[in-house]
Amino acid sequence: MIGKEFTQIDWDDLRHFLALARSGTFLGAAKQIGVEHATISRRVASLEAGLGRKLIDRRGRRVVLTADGEQVAKHAMLIATQTAAIEQLGRSSSTELRGHVRISAPPAFSSVLLAQPIVAIRRDHPAVQITLVGEKRLASLNRREADIAVRLSRPEDGNYSIIKLGEITFDLYASKSYLETVAPSEWTFIGYDETMNASPQQVRLIELAAGRPIAVRSSVLEFQAAAARLGGGVVMPSSCSRRSAPAACVCRWSTICPDVRRRRRAAPPR
């Protein structure tokens, strides 16, 4: 009986294809893995040739998966998750605290909240290497996009170890000239863009605005503060000093992959 020739899959081809399936563009996949976009294209073409199936359709700059591509992507995600678990298991045998820890945290709070504990960990455990990624989205711990995620809202899903780190207060601020010339009923507000509407501090800002417009939106807190200083409206950044009646009080949460806790790759912050 003559069967179809066995096809041996190159995991690197599959990994590059999975990055493309997740991002939807060659450029996005290249940034995700840290290679040139031409490498993504070459790897995906190699995978298609090895399987004898067309996996993607190019539509301008976007990429759409074919039916076969959807199936391959679904199985590739399972392989990626299991591969990450095996790699983490391989690092669990060392008794000395060493290795690389990737932390995902909101960029605006990284320097204020994380600089001191990270420096302390490095001082006590010089074999531990730490990468801090400033991002607002919740990185996937299962896919090893991060080992630890610091967020301002408690994750609802996932088998994670979750620790409450503390609380941050938020207050309303505006320039002196703005407060002297604009009546409270006419205030306009400065807040995050629509992608952050579900964040606790943005929800509270919308409540306080009470129908008054959020006229300036930005994902960059430094821009929000600069616009407020120039009389652009009322902003609600985090308050460095605790006040008796803050406009909002938001908890900080640390989300840790269970495998990371078991292998003791890093000591807790002091």
Side-chain angles (χ1 to χ4, degrees), residues 23-25 28 31 103-118 132-141 145-146 148-158 160 162-255 269:
S23 66
T25 67
K31 289 182 177 179
I103 303 173
S104 170
F109 304 108
S110 296
S111 59
V112 177
L113 301 177
L114 299 182
Q116 182 176 352
I118 285 176
L132 176 62
V133 181
E135 55 186 357
K136 294 185 291 293
R137 72 183 184 93
L138 183 61
S140 172
L141 304 185
E145 294 178 356
I148 300 172
V150 179
R151 288 295 176 265
L152 297 183
S153 58
R154 192 184 195 281
E156 299 296 333
D157 301 317
Y160 304 126
I162 302 172
I163 303 169
K164 181 180 177 180
L165 300 178
E167 296 179 345
I168 300 175
T169 58
F170 290 80
D171 287 290
L172 298 177
Y173 293 89
S175 68
K176 182 178 179 181
S177 61
Y178 186 88
L179 295 176
E180 290 174 346
T181 58
V182 181
S185 61
E186 300 299 323
W187 282 357
T188 61
F189 293 82
I190 302 169
Y192 288 102
D193 57 28
E194 288 79 0
T195 61
M196 291 286 290
N197 276 350
S199 66
Q201 64 271 35
Q202 184 79 344
V203 170
R204 180 56 175 157
L205 178 63
I206 293 172
E207 291 176 354
L208 292 172
R212 291 169 293 184
I214 300 178
V216 178
R217 294 176 180 265
S218 173
S219 61
V220 181
L221 275 179
E222 291 81 358
F223 173 82
Q224 293 183 24
R229 283 194 298 269
L230 294 172
V234 180
V235 70
M236 195 175 76
S238 61
S239 178
C240 295
S241 59
R242 187 67 59 86
R243 294 178 57 178
S244 58
C249 186
V250 178
C251 298
R252 305 194 306 267
W253 299 90
S254 173
T255 308

Determine the minimum heavy-atom distance between [X] and [Y], stating which atoms define it.
{"X": "Gly232", "Y": "Thr188", "value": "O-OG1, 3.9 Å"}
{"X": "Ser177", "Y": "Thr181", "value": "O-OG1, 2.8 Å"}
{"X": "Leu132", "Y": "Ala105", "value": "CD1-CB, 4.1 Å"}
{"X": "Thr25", "Y": "Gly28", "value": "OG1-N, 2.9 Å"}
{"X": "Gly233", "Y": "Ala174", "value": "O-CB, 3.7 Å"}
{"X": "Gly231", "Y": "Ser175", "value": "CA-OG, 3.6 Å"}

What residues, two or more places apart in sequence or in another chain, satisfy side chain to side chain contact (heavy atoms under 4.5 Å, CB included) together with Val216? Ile190, Phe223
Can you list everything that forms a side chain to side chain contact (heavy atoms under 4.5 Å, CB included) with Ala209? Sequence neighbours excluded, please. Phe189
Just verifying a value: how many Å separate Leu208 CG and Gln201 CD, rounded to the nearest 0.5 Å? 12.5 Å
Any donor-acceptor pair under 3.5 Å linking the side chain of Gln202 with the backbone of Tyr192? yes
Given the rule in the side-chain contact (heavy atoms from CB on, under 4.5 Å) test, do Asn197 and Arg217 qualify, once you have shown the distances and angles that lead to the verdict? CA-CA 11 Å; Asn197 276 350; Arg217 294 176 180 265; 3.6 Å; yes
Val235 vs Leu205, test: side-chain contact (heavy atoms from CB on, under 4.5 Å). Steps then yes/no. CA-CA 9 Å; Val235 70; Leu205 178 63; over 6 Å; no
Go through the steps for Val234 and Val182 under the test side-chain contact (heavy atoms from CB on, under 4.5 Å), then give the verdict. CA-CA 11 Å; Val234 180; Val182 181; over 6 Å; no
Within-4.5 Å side-chain heavy-atom neighbours: Leu179 and Trp187: yes
